[in-house]
Amino acid sequence: MSNSPHRSVTGWSSDATNHEAYTTPLSVKSEELFLRFLSDLSIYDSLCSKISNLQRGSLEEAELEKHNIDPVSVSSSHSLPHTPAHSRSNTKAPQNNKYEAPVSVHTESYSEKRIPGDPLHSHKGENRTPQVSQKQLQESGSQLPNLLSVLRPSKNKRDATWITTLFGPDERTVGLDEFWDVACSDNGCKLPSALILPLFLASGASGPEDSISISKFTTFWKTLSTDPADTLVQILNPFSNQLETKHFVPLVESVLRTHPGLEFLAESPEFGPHYVKTVIYRIFYVLDRKRIDSISAADIRKSCFVKELEALDFEKDINKMQSFFSYHHFYVIYTTFWKLDDNHDFKLSQSDLSRYGEDGLSTLAIERIFMHAKLQPWSEKNHFISYRDFVYFILAEEDKLNPRSIEYWFQIVDTDSDGVISPSEMEQFYLEQQERMEDYGVEPMAWEDCLCQLLDVAQTNGKVFLRDLKRCSNADIFFNTLLNLRKFLDNEDRDPFQNSEDTDNAWVRFAALEYESLASEDDDVEDWKNQDNVY
């Protein structure tokens with residue numbers, strides 16, 4: 001392992017992380033065009049003047065009745081920064097956590113003109129007491145004065161004093177290493193260190209080996225919102241308000257190359273790329289709630305992703321980052337997939353998946369997974385699932401109380417896709433469970449009794465809706481009864497009055513136990529090889 005603070009830029013091919021160069025077209029939606037229209041200085045002044053005149057009652061009654069309050073459209077090329085919403089906490093990045101340039105980070109040139117998502121004007125609107133009647137306000141459209149709340153400048157602005165330290169009085173261009181040192185210092189950009197590389201690229205650099213000028217960086221820095229979720233989207237994809245899987249590659253590779261808990265993995269060209277992909281898939285499993293392969297700032301706000309990015313700068317044990325970045329979790333997911341994938345073509349057949357969890361899943365459940373739980377169907381019809389599909393599967397299978405997992409298994413049992421699980425659909429799955437129990441010499445429960453228990457678990461009198469399972473606390477029992485015989489029988493043998501003091505969720509508990517088991521297997525194999533070499 002190299003002792004140099006900077007590792008080689010070469011080593012990973014572009015195929016390793018399976019992401020292409022950024023080719024996202026410049027997408028501008030109607031609301032973005034409207035906000036850009038409002039960001040024009042002359043239009044803003046005209047609008048403020050109109051509203052001010054309306055408040056003073058200087059507009060004629062006829063003009064009010066016609067609602068003819070329209071700002072004069074004057075073209076302007078001035079680009080204004082985003083409206084700050086919430087002030088973020090200052091995150092102190094470790095000074096010794098220096099970035100080693102990642103490899104195979106494909107990025108498009110950010111020299112293209114950027115269209116901000118939200119305008120901000122530094123002028124303050126007049127604060128006058130209205131001198132018009134209530135009738136005039138109603139006729140003129142009382143919503144117009146509220147428009148000022150959209151354009152009102154925020155008191156929170158990103159500190160730009162560190163930029164002078166970065167570029168110096170001669171305003172020279174800087175490379176990634178120097179950019180990293182200054183940005184991660186105590187007086188730096190106050191962003192999670194995982195965002196330093198993406199920020200460098202978004203500011204105009206064509207790659208990690210490029211350099212940026214003060215003009216390019218300052219222009220981009222002023223557009224950044226102070227809302228953490230908005231900032232994350234702006235940095236990872238400056239040309240749209242949506243993030244795809246490829247936009248997270250520089251961020252996760254930066255974590256891989258800089259976090260002290262992953263130093264051993266960063267040196268591995270074989271497993272490093274798989275770690276990057278696994279983390280990104282876990283991010284989308286949690287944040288991509290609509291399953292549209294896209295993440296917005298609103299999705300990020302509803303998650304713990306930003307907090308976990310900030311925690312990476314303070315927590316040296318990567319395995320405590322259990323939501324997305326844990327190495328132990330990656331090890332469990334990847335090793336389990338590798339053991340099921342006999343021919344190692346990174347695709348699993350139904351026969352491969354049937355071996356998961358000691359053959360616990362029913363045949364019907366596996367068929368439904370291949371038909372309706374796949375993200376990217378293969379050309380070979382429904383015969384295979386991808387590694388990403390498996391990541392989603394194992395996360396859903398081992399923690400059936402997670403809202404995303406409940407949604408995953410609900411679509412499996414809802415065979416007619418009408419948004420309701422009927423008793424007939426439940427019976428269809430339970431009949432196979434009955435047959436398997438008889439094969440194992442276990443006396444099965446009568447269907448009528450099982451149905452009563454399932455309805456009691458879902459706390460409903462008839463059909464089961466998704467909201468019923470999300471509301472109840474035993475969705476795992478409901479799904480295991482219908483889909484996984486091994487877990488169903490384990491639940492039958494469990495003491496119902498046993499209270500566990502373990503506060504970790506089911507996935508964390510499973511991953512911890514499975515990691516110990518898999519690691520011990522690897523140690524045994526290594527010991528056997530060493531003994532074989534002796535003889």
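Remember, it's a predicted structure, so these values are computed and weren't measured experimentally.
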For W507 and Q322, what are the C-alpha separation, side-chain angles and deciding distance, and is it a side chain to side chain contact (heavy atoms under 4.5 Å, CB included)?
CA-CA 10 Å; W507 163 253; Q322 297 177 340; over 6 Å; no

Is D293 salt-bridged to R388, cutoff N-O under 4.0 Å?
yes

Quick one: do R404 and E407 make a salt bridge, cutoff under 4.0 Å?
yes

Which distance, rounded to the nearest 0.5 Å, do you find between the CG of N480 and the CG of L483?
7.5 Å

Report yes if some heavy atom in the side chain of L243 is under 4.5 Å from a heavy atom in the side chain of I300; otherwise report no.
yes

Could you tell me whether K487 and D490 make a salt bridge, using a distance below 4.0 angstrom between a side-chain N and a carboxylate O?
no

Find out whether L191 and L309 are in side-chain contact, i.e. whether some heavy atom of one side chain is under 4.5 Å from a heavy atom of the other.
no

Do T336 and F390 have side chains that approach each other closer than 4.5 Å (heavy atoms only, starting at C-beta)?
yes

Evaluate the side chain to side chain contact (heavy atoms under 4.5 Å, CB included) criterion for residues I369 and Y408: first the C-alpha distance (whole Å), next the side-chain angles of each, then the deciding distance (0.1 Å), finally the verdict.
CA-CA 9 Å; I369 290 171; Y408 182 98; 3.7 Å; yes

Contact between Y430 and L451 at the side-chain level, heavy atoms closer than 4.5 Å - yes or no?
no

Taking all heavy atoms of I318 and all of G261, pick out the closest pair and write down the distance.
CG2-O, 3.7 Å

Would you give the length of the straight line joining atom CD1 of I235 to atom CG of L199, rounded to the nearest 0.5 angstrom?
5.0 Å

Between L197 and R257, is there a side-chain heavy-atom distance shorter than 4.5 Å?
no

Ignoring hydrogens and geometry, is there a side-chain-to-backbone donor-acceptor pair from N237 to Q242 under 3.5 Å?
yes

Show your reasoning for whether ring-ring contact (aromatic ring centres under 6.0 Å, His included) applies to F346 and H274.
CA-CA 11 Å; F346 263 77; H274 296 305; 5.1 Å; yes

Does the side chain of L466 reach to within under 4.5 Å of the side chain of I421, using non-hydrogen atoms?
no

Any idea which heavy atoms bring A194 and V255 closest together, and the distance?
CB-CG2, 3.6 Å

Which heavy-atom pair separates L482 from F429 by the least distance, and what is that distance?
O-CB, 3.5 Å

Kindly say whether M321 contributes a backbone atom to a donor-acceptor pair with the side chain of E315 at under 3.5 angstrom?
no

Pair R368 + D414: basic N to acidic O under 4.0 Å
no

In Å, rounded to the nearest 0.5 Å, how long is the span from CG of L431 to CZ of R436?
13.5 Å

Could you grab the distance from atom NZ of K339 to atom CD of E521, nearest 0.5 Å is fine?
4.0 Å

Could you tell me whether the side chain of N474 and the main chain of I477 form a donor-acceptor pair under 3.5 Å?
no

With distance as the sole test, does D341 use its side chain to make a donor-acceptor pair with the main-chain N or O of F337 at under 3.5 Å?
no

How about E432 and T363: does a side-chain donor come under 3.5 Å of a side-chain acceptor?
yes

Please check: side-chain N/O of R289 versus main-chain N/O of V286, any donor-acceptor pairing under 3.5 Å?
no

Between R355 and L340, is there a donor-acceptor pair closer than 3.5 Å when you use the side chain of the first and the backbone of the second?
yes

With a 3.5 Å cut-off and no angle check, do the side chains of Y387 and T278 form a donor-acceptor pair?
yes

Under 4.0 Å between a Lys/Arg side-chain N and an Asp/Glu carboxylate O for D299 and K302?
no

Under the 3.5 angstrom rule, does the side chain of D313 hit a backbone N or O of S193 as a donor-acceptor pair?
yes

Of all heavy-atom pairs between A183 and I196, which one has the smallest distance, and what is that distance?
CB-CD1, 3.7 Å

Go through the steps to decide whether L395 and Y281 satisfy the test side chain to side chain contact (heavy atoms under 4.5 Å, CB included), and finish with yes or no.
CA-CA 11 Å; L395 293 174; Y281 296 158; over 6 Å; no

Using ring-ring contact (aromatic ring centres under 6.0 Å, His included) as the criterion, point out the one residue from F264, F324, F330, Y334 that pairs with Y275.
F330

Residues A511 and V332: closest non-hydrogen pair is O-CG2, 3.5 Å

If you define the side chain from C-beta out and look only at heavy atoms, does anything of I295 sit under 4.5 Å from H247?
no

Within 45 degrees of the axis of the six-membered ring of F479 and under 6.0 Å from its centre: does K400 put its NZ or CZ there?
no

Report the distance from atom CD1 of I406 to atom NZ of K470, rounding to the nearest 0.5 Å.
7.0 Å

Just by distance, no angles: are the side chains of S349 and S351 close enough, under 3.5 Å, to form a donor-acceptor pair?
no

Output yes when a side-chain donor or acceptor of R282 lies under 3.5 Å from a complementary backbone atom of S323, and no otherwise.
yes

Would Y285 and S405 count as having a side-chain donor-acceptor pair, cut-off 3.5 Å?
yes

Under a plain distance cut-off of 3.5 Å, with no hydrogens placed, do D389 and S386 share a side-chain donor-acceptor pair?
yes

Heavy-atom side-chain proximity of Y327 to L262 below 4.5 angstrom:
yes

Sidechain-backbone polar pair: R486 side chain, G357 backbone, donor-acceptor under 3.5 Å:
yes

Can a salt bridge be assigned to the pair K463 and D418 using a cut-off of 4.0 Å between side-chain N and carboxylate O?
no

With distance as the sole test, does Q433 use its side chain to make a donor-acceptor pair with the main-chain N or O of S362 at under 3.5 Å?
no

Got a second to check how far H372's NE2 is from S417's OG, nearest 0.5 Å?
5.5 Å

For the residue pair W409 and F393, does the interplanar ring angle fall in the parallel (under 30°), tilted (30 to 60°) or perpendicular (over 60°) class?
perpendicular

One pair to check against side chain to side chain contact (heavy atoms under 4.5 Å, CB included): L469 and V457. What are the steps and the verdict?
CA-CA 8 Å; L469 295 174; V457 167; 5.7 Å; no

Heavy atoms only: give me the nearest F488-M437 pair and the separation to one decimal.
CE2-SD, 3.8 Å

